[in-house]
A.B. asks: 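Pasting in a structure now, in structure tokens, and then I'll have a few things to ask.
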Amino acid sequence: MTVADSSALDTLIVALRRLPGVGAKSASRMAFHLLQHDREGTRVLARALEQAAAQVRHCERCNTFTEAPVCSVCLDARRDASKLCVVETPADQAALERTGAFRGYYFVLMGKLSPLDGIGPKDIGLARLFERALDGQVSEVILATNFTAEGEATAHVIGEALRQRGLSVTRLARGVPAGSELEYVDLGTIAHALVDRR
């Protein structure tokens with residue numbers, strides 16, 4: 001059997017291409033590496049993917065990934081219930097959590113508003129967010145959506161709606177990264193840092 005005859009190999013390459021940032025060449029390299037040099041790694045990867053797909057779900061309270069109905073962050077009574085941080089994805093929530101700088105609770109939108117792609121308020125769970133933010137415990141909502149056009153539009157829509165309902169709404173600061181030199185920072189970042197100076 002030649003490589004061209006291998007439908008299982010082709011299926012693997014197509015499956016690997018579903019990963020973000022993985023094109024045809026990268027997917028092909030990964031598939032050939034796994035099959036030629038790491039057959040046990042292939043089986044471990046397959047089992048891990050199967051297990052994660054079967055066991056990982058969304059938290060009933062915040063939407064992040066968890067194996068239990070409610071995630072460990074939402075169950076942590078030591079956290080500050082007056083602060084709710086809104087992020088786009090579970091990956092964003094995990095990144096913020098790794099900093100150790102935020103001790104409130106989260107709400108994961110599962111995306112961002114994008115009318116051109118047909119993604120509206122219902123698709124990202126804004127009704128659930130408003131219900132959670134207006135539960136009587138939250139006094140500040142921190143908008144930590146990404147600084148893309150869609151992330152900014154999402155933050156604007158959420159911010160305006162929550163301010164009209166009497167909540168304090170803040171946005172993540174943006175600016176020059178710590179340890180960087182101005183001459184190497186892009187102009188948009190420098191401009192935002194000047195506007196948002198304190």
A.B. asks: Spell out, as yes or no, whether a donor-acceptor pair under 3.5 Å connects the side chain of Arg79 to the backbone of Tyr105.
C.D. replies: no

A.B. asks: Would the number of heavy atoms belonging to other residues, nucleotides or ligands and lying under 6.0 Å from CZ of Arg47 be above 12?
C.D. replies: yes

A.B. asks: Is the NZ or CZ atom of Arg165 both under 6.0 Å from the centre of the six-membered ring of Phe130 and within 45° of that ring's axis?
C.D. replies: yes

A.B. asks: Mind checking whether His58 and Met110 have side chains closer than 4.5 Å, heavy atoms only?
C.D. replies: yes

A.B. asks: How far apart are the closest heavy atoms of Ala68 and Arg57, and which atoms are they?
C.D. replies: O-CD, 3.7 Å

A.B. asks: Could Lys112 and Glu152 be called an ion pair, given the rule that one side-chain N must be under 4.0 Å from one carboxylate O?
C.D. replies: no

A.B. asks: Within 45 degrees of the ring normal and closer than 6.0 Å to the centroid, is that where the cationic atom of Arg171 sits relative to Phe147?
C.D. replies: yes

A.B. asks: Run the numbers on Arg163 and Glu160 for salt bridge (Lys or Arg N to Asp or Glu O under 4.0 Å), then give the verdict.
C.D. replies: CA-CA 5 Å; Arg163 282 186 194 98; Glu160 289 302 308; 3.6 Å; yes

A.B. asks: Going from CG on Asp80 to SG on Cys85, what distance comes out if it is rounded to the nearest 0.5 angstrom?
C.D. replies: 12.0 Å

A.B. asks: Should the heavy atoms of other residues, nucleotides or ligands under 6.0 Å from CD of Glu40 be counted, would the total exceed 12?
C.D. replies: yes

A.B. asks: Do you know which two heavy atoms are closest between Ala155 and Thr145, and how far apart they sit?
C.D. replies: CB-OG1, 3.4 Å

A.B. asks: Should the heavy atoms of other residues, nucleotides or ligands under 6.0 Å from NE2 of His33 be counted, would the total exceed 12?
C.D. replies: yes

A.B. asks: Between the main-chain N or O of Glu150 and the side-chain N or O of Thr154, is there a donor-acceptor pair closer than 3.5 Å?
C.D. replies: yes

A.B. asks: Strictly distance-based, threshold 3.5 Å: is any side-chain N or O of Arg39 a donor or acceptor partner for the main-chain N or O of Leu35?
C.D. replies: yes

A.B. asks: Using atom types as modelled and distance alone, determine if a side-chain donor or acceptor of Asp117 lies under 3.5 Å from a backbone N or O of Ile119.
C.D. replies: no

